[in-house]
**Q** 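The structure follows.
Throughout, numbering of the chain's residues begins at 1 and tracks the sequence. The figures that follow rest on heavy atoms only: side chains count, while hydrogens, waters and symmetry mates do not.
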Amino acid sequence: QTCALPIYVRTARTMAGKPTETATARSGVAQLVATGGWSQMDLQGDVKLEDPDRHAQADHALFRRIEQRAVLTGRALVRDANTETAAPRITFEQASGDIHADGGVRSTDLPGRSSAVQLAPSPTHVTSDVLEANSKTGRAFYSGHARMWQGESVLEADQIELLRDTRV
């Protein structure tokens with residue numbers, strides 16, 4: 001008799017002055033470089049990314065070190081203390097803070113001081129075809145069948161732009 005045990009991958013990344021980031025998945029492949037380290041990681045199956053302030057999950061994650069890019073696909077979901085965004089594909093550009101999500105985006109912004117919009121004492125929801133955002137500037141631009149609602153208040157437009165810092 002043979003017994004197949006599940007194989008899991010776990011990575012940890014530590015950068016000076018920042019909390020440790022971990023990634024887990026059912027399987028993965030890393031391209032290593034001759035000088036040490038890695039150039040690309042491809043994680044498959046029940047991928048989870050965590051640090052003390054953020055959490056992400058997807059069916060697949062591709063990390064490209066030189067480009068400082070992470071692409072989550074297949075039921076991708078990212079969340080922090082104030083927001084949650086889900087889409088079939090979410091791309092993060094670490095150096096610039098740019099975030100791109102497409103394929104049908106749904107975001108929820110929980111009420112609080114950092115909320116971009118406060119129409120009622122309940123979460124704000126936004127859906128669209130595409131999201132272009134920047135984590136450093138706090139700008140979120142939803143386009144294509146954009147719809148935002150909070151409580152009984154509803155806004156529908158081709159495009160909706162939210163600015164976190166100025167609450168516009």
**Q** Would you check if Ser128 and Ser143 make a side-chain contact, meaning some heavy-atom pair closer than 4.5 Å?
**A**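 They are not in contact (no side-chain heavy atoms under 4.5 Å apart), so the answer is no.
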**Q** State the CD-OG1 distance between Glu132 and Thr91, to the nearest 0.5 angstrom.
**A**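 Glu132 CD to Thr91 OG1: 9.0 Å, rounded to 0.5 Å.
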**Q** So does Tyr142 get a backbone contact from the side chain of Glu161, meaning a donor-acceptor N/O pair under 3.5 Å?
**A**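 Side chain of Glu161 to backbone of Tyr142, a donor-acceptor pair under 3.5 Å: no, none is there.
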**Q** Let's go through Met41 and Thr11 carefully: what are the C-alpha distance in whole Å and the side-chain angles of both, what is the deciding distance for side chain to side chain contact (heavy atoms under 4.5 Å, CB included) to 0.1 Å, and is it a yes or a no?
**A** CA-CA 10 Å; Met41 266 193 278; Thr11 67; 3.8 Å; yes
**Q** Using a 4.5 Å cut-off on heavy atoms from C-beta on, say whether the side chain of Val9 contacts that of Thr24.
**A** no
**Q** Applying side chain to side chain contact (heavy atoms under 4.5 Å, CB included) to Val126 and Leu162, what does each step give before you reach the verdict?
**A** CA-CA 10 Å; Val126 184; Leu162 302 176; 4.2 Å; yes
**Q** Looking at Ala58 and Ala76, what are the two nearest heavy atoms and their distance?
**A**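 Smallest interatomic distance, heavy atoms only, reads CB-CA, 4.0 Å.
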**Q** Would you mind reporting whether Thr85 and Ile99 have side-chain heavy atoms less than 4.5 Å apart?
**A**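 Counting from C-beta outward, Ile99 and Thr85 never come under 4.5 Å.
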**Q** Can you find a heavy atom in the side chain of Leu62 that is under 4.5 Å from one in the side chain of Gln40?
**A** yes
**Q** If only atom types and distance count, is the side chain of Lys136 paired as donor or acceptor with the main-chain N or O of Ala95 below 3.5 Å?
**A**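 Checking the backbone N and O of Ala95 against the side chain of Lys136, a donor-acceptor pair under 3.5 Å is found.
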**Q** If you compare all heavy atoms of Trp38 against all heavy atoms of Phe63, which two are closest, and at what distance to 0.1 Å?
**A** CZ3-O, 3.7 Å
**Q** Distance from Thr20 atom OG1 to Glu50 atom CD, nearest 0.5 Å?
**A**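 Going from OG1 on Thr20 over to CD on Glu50, the span is 12.5 Å.
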**Q** Take a 6.0 Å sphere around NE2 of His145 and say whether it holds more than 12 heavy atoms from other residues, nucleotides or ligands.
**A**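 Counting neighbours around NE2 of His145, 12 or fewer heavy atoms of other residues, nucleotides or ligands fall under 6.0 Å, so no.
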**Q** Surrounding CZ of Arg147 (heavy atoms of other residues, nucleotides or ligands, distance under 6.0 Å), is the total greater than 12?
**A**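 Buried by this count: over 12 neighbours within 6.0 Å.
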**Q** Nearest heavy-atom pair of Ala87 and Ala101: which atoms, and what distance?
**A** CB-CB, 3.9 Å
**Q** When rounded to the nearest 0.5 angstrom, what is the spacing between CG in Asn134 and CD in Glu93?
**A** 10.5 Å
**Q** Tell me whether Arg75 is salt-bridged to Asp59, with the criterion being a basic N under 4.0 Å from an acidic carboxylate O.
**A** yes
**Q** Using side-chain heavy atoms (C-beta onward) and a distance below 4.5 Å, is Phe92 in contact with Leu49?
**A**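 With C-beta onward as the side chain, the pair stays apart.
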**Q** Have Asp42 and His60 got a donor and an acceptor in their side chains that come within less than 3.5 Å?
**A** yes
**Q** Testing Lys48, Arg13, Arg10 one by one against Glu21 for a salt bridge (charged side-chain N to carboxylate O under 4.0 Å, His left out), which residue passes?
**A**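 Of all the options given, the one that passes is Arg13.
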**Q** Let me confirm one number: the CG-CZ distance from Asp109 to Arg164, rounded to the nearest 0.5 Å.
**A** 9.5 Å
**Q** What's the separation between atom CZ in Arg64 and atom CZ in Arg69, rounded to the nearest 0.5 Å?
**A** 7.0 Å
**Q** Are Glu84 and Leu77 packed together at the side-chain level, in the sense that at least one heavy-atom pair is separated by less than 4.5 angstrom?
**A**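 They are in contact (side-chain heavy atoms under 4.5 Å apart), so the answer is yes.
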**Q** Less than 4.5 Å apart, side chain to side chain, heavy atoms only: is that true for Phe141 and Gln159?
**A** yes
**Q** Any non-hydrogen side-chain atom of Val71 less than 4.5 Å from a side-chain atom of Arg89?
**A** yes
**Q** For Asp158, is the CG atom crowded, meaning more than 12 foreign heavy atoms sit under 6.0 Å from it?
**A** no
**Q** Hey, could you give me the CZ/CZ distance between Arg54 and Arg79, rounded to the nearest 0.5 Å?
**A** 13.5 Å
**Q** So if I apply the side-chain contact (heavy atoms from CB on, under 4.5 Å) rule between His100 and each of Val105, Val130, Ile90, which one comes out positive?
**A**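 So the option named by the test is Val130.
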**Q** Would you say the side-chain atoms of Asp102 pair up with the backbone N or O of Leu131, donor to acceptor, closer than 3.5 Å?
**A** no
